[in-house]
Amino acid sequence: MDQTFIEVLVARKRNMAAAILKIVCGILAVFSLIMVPYTIFFLAAALLFGAGAYFCYLQEWIEFEYSYVCRELTVDRIMARSRRKSEADYQVDKIEIGGPQDSYHLDGYRNKNCTVKDYSSRMGKKTYVFYYEGQQKVILDWEEGLAEALHSAAPRKLFLN
């Protein structure tokens with residue numbers, strides 16, 4: 001029985017648009033709070049701008065954690081370095097084919113219409129792609145230990161080159 005356990009943490013580059021929008025929404029929320037005694041409209045605006053600043057704060061820093069345990073790959077999203085949300089669970093048995101982004105093994109699947117789930121850092125690193133149940137294309141960052149564990153679980157479906 002496969003008792004492999006691997007955890008990989010991948011951080012995306014800081015989202016500067018969200019950082020700037022967070023500051024702008026924060027300033028507008030404070031200005032709206034100052035103007036609250038004049039009309040009730042400013043109270044609603046303060047609440048909306050405050051909520052906008054909070055959601056921009058969550059999107060500023062995004063990290064993904066890949067956990068591979070007993071033929072199951074779990075992907076979690078970590079927002080603002082504090083909030084964790086489970087994104088997806090992938091069973092290795094249901095993966096059709098996988099390999100590095102530029103692998104010739106994936107040539108037959110390149111033009112396939114399916115939803116794309118991108119859990120990579122988007123920093124130009126080497127990526128690992130697999131097709132799950134014919135409906136999803138999943139993109140992960142290439143990590144040597146994770147790729148070898150996936151390959152050992154299903155060597156005829158998941159490739160290293």
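We count residues from 1, following the sequence as given. Quick caveat: nothing in here was measured; it's all calculated off a predicted structure.
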**Item:** Test log, rule side chain to side chain contact (heavy atoms under 4.5 Å, CB included), inputs Asp89 and Glu72
**Value:** CA-CA 7 Å; Asp89 294 327; Glu72 181 179 23; 3.6 Å; yes

**Request:** Please name all residues satisfying side chain to side chain contact (heavy atoms under 4.5 Å, CB included) with Lys13, sequence neighbours left out, ordered by chain then number.
**Result:** Met123

**Request:** With sequence neighbours excluded, tell me which residues meet side-chain hydrogen bond (donor to acceptor under 3.5 Å, both in side chains) with Ser32.
**Result:** none

**Request:** Check the angle between the aromatic planes of Phe159 and His105 and answer parallel, tilted or perpendicular using the 30° and 60° thresholds.
**Result:** parallel

**Request:** Answer yes or no: is there a side-chain heavy-atom contact under 4.5 Å between Gln135 and Cys114?
**Result:** no

**Non-neighbouring partners of Arg83 that pass side-chain hydrogen bond (donor to acceptor under 3.5 Å, both in side chains), sequence neighbours left out** = Tyr54

**For Lys85, all residues meeting salt bridge (Lys or Arg N to Asp or Glu O under 4.0 Å), sequence neighbours excluded** = none

**Item:** Same apolar cluster: Val75 and Val129, side chain cutoff 4.5 Å
**Value:** no

**Prompt:** For the atom pair CD1 (Ile62) and CE (Met79), what is the distance rounded to the nearest 0.5 Å?
**Reply:** 6.5 Å

Below 3.5 Å, can you tabulate the donor-acceptor pairs from side chains in residues 95-102 to any protein atom, sequence neighbours excluded?
from, atom 1, to, atom 2, distance (Å)
Glu96, OE1, Lys112, NZ, 3.4
Glu96, OE2, Gly134, N, 2.7
Gln101, OE1, Thr127, OG1, 3.2

**Request:** Evaluate the side chain to side chain contact (heavy atoms under 4.5 Å, CB included) criterion for residues Tyr132 and Lys137: first the C-alpha distance (whole Å), next the side-chain angles of each, then the deciding distance (0.1 Å), finally the verdict.
**Result:** CA-CA 6 Å; Tyr132 189 73; Lys137 175 183 178 181; over 6 Å; no

**Joint hydrophobic cluster, Ile20 plus Leu28, side-chain heavy atoms closer than 4.5 Å** = yes

**Request:** Would you check if Val8 and Val10 make a side-chain contact, meaning some heavy-atom pair closer than 4.5 Å?
**Result:** yes

**Prompt:** Do other residues, nucleotides or ligands put more than 12 heavy atoms under 6.0 Å from the NZ atom of Lys157?
**Reply:** yes

**Message:** Please report the interatomic distance CZ(Phe130) to CD(Gln136), rounded to the nearest 0.5 Å.
**Reply:** 8.5 Å

**Prompt:** Do you know which two heavy atoms are closest between Gly50 and Ala29, and how far apart they sit?
**Reply:** N-CB, 3.8 Å

**Request:** Tell me, please, which residues at least two apart from Tyr66 pass side-chain hydrogen bond (donor to acceptor under 3.5 Å, both in side chains).
**Result:** none

**Asked** Taking only residues two or more places apart in sequence or in another chain, which ones pass salt bridge (Lys or Arg N to Asp or Glu O under 4.0 Å) with Glu65?
**Response** Arg84

**Asked** For Asn111, what residues pass the side-chain hydrogen bond (donor to acceptor under 3.5 Å, both in side chains) criterion, not counting sequence neighbours?
**Response** none

**Request:** Keeping the roles fixed (side chain from Arg77, backbone from Ser86), state whether a donor-acceptor pair exists under 3.5 Å.
**Result:** no

Indicate every side-chain donor-acceptor pair of residues 139-146 with a distance under 3.5 Å to a residue at least two apart or in another chain.
from, atom 1, to, atom 2, distance (Å)
Asp141, OD1, Ser121, N, 3.3
Asp141, OD2, Ser121, N, 3.4
Asp141, OD2, Ser121, OG, 2.9
Trp142, NE1, Glu144, OE1, 3.2

**Request:** Decide if atom CZ of Arg156 counts as having more than 12 heavy atoms of other residues, nucleotides or ligands within a radius under 6.0 Å.
**Result:** no

**Item:** Contacts of type ring pair (Phe, Tyr, Trp, His ring centres under 6.0 Å), residue Phe49, not counting sequence neighbours
**Value:** none

**Message:** Any non-hydrogen side-chain atom of Lys117 less than 4.5 Å from a side-chain atom of Tyr90?
**Reply:** yes

**Item:** Nearest heavy atoms of Ser152 and Ala149, plus distance in Å
**Value:** OG-O, 2.9 Å

**Message:** If hydrophobic clusters are built from ILVMFWY residues whose side chains come within less than 4.5 Å, do Val138 and Val116 share one?
**Reply:** no

**Request:** For Arg12 and Ser120, indicate whether the former's side chain and the latter's backbone hold a donor-acceptor pair under 3.5 Å.
**Result:** yes

**Prompt:** Does one hydrophobic cluster hold both Leu73 and Phe64, with members joined at side-chain heavy-atom distances below 4.5 Å?
**Reply:** yes

**Message:** Taking salt bridge (Lys or Arg N to Asp or Glu O under 4.0 Å) as the definition, give me every residue that meets it alongside Glu148, ordered by chain and number, with sequence neighbours left out.
**Reply:** none

**Complete:** The reported gap from OH in Tyr119 to CG in Asp76 (rounded to nearest 0.5 angstrom) is 10.0 Å

**Request:** Hey, could you give me each pair passing salt bridge (Lys or Arg N to Asp or Glu O under 4.0 Å) that has a residue in residues 32-61? Not counting sequence neighbours.
**Result:** Arg14-Glu60, Lys22-Glu60

**Asked** If you round to the nearest 0.5 Å, how far is OG of Ser67 from CZ of Phe5?
**Response** 5.5 Å

**Message:** Is there a continuous path of hydrophobic side-chain contacts, each under 4.5 Å between heavy atoms, that joins Met35 to Phe41?
**Reply:** yes

**Item:** Sidechain-backbone polar pair: Tyr128 side chain, Leu160 backbone, donor-acceptor under 3.5 Å
**Value:** no

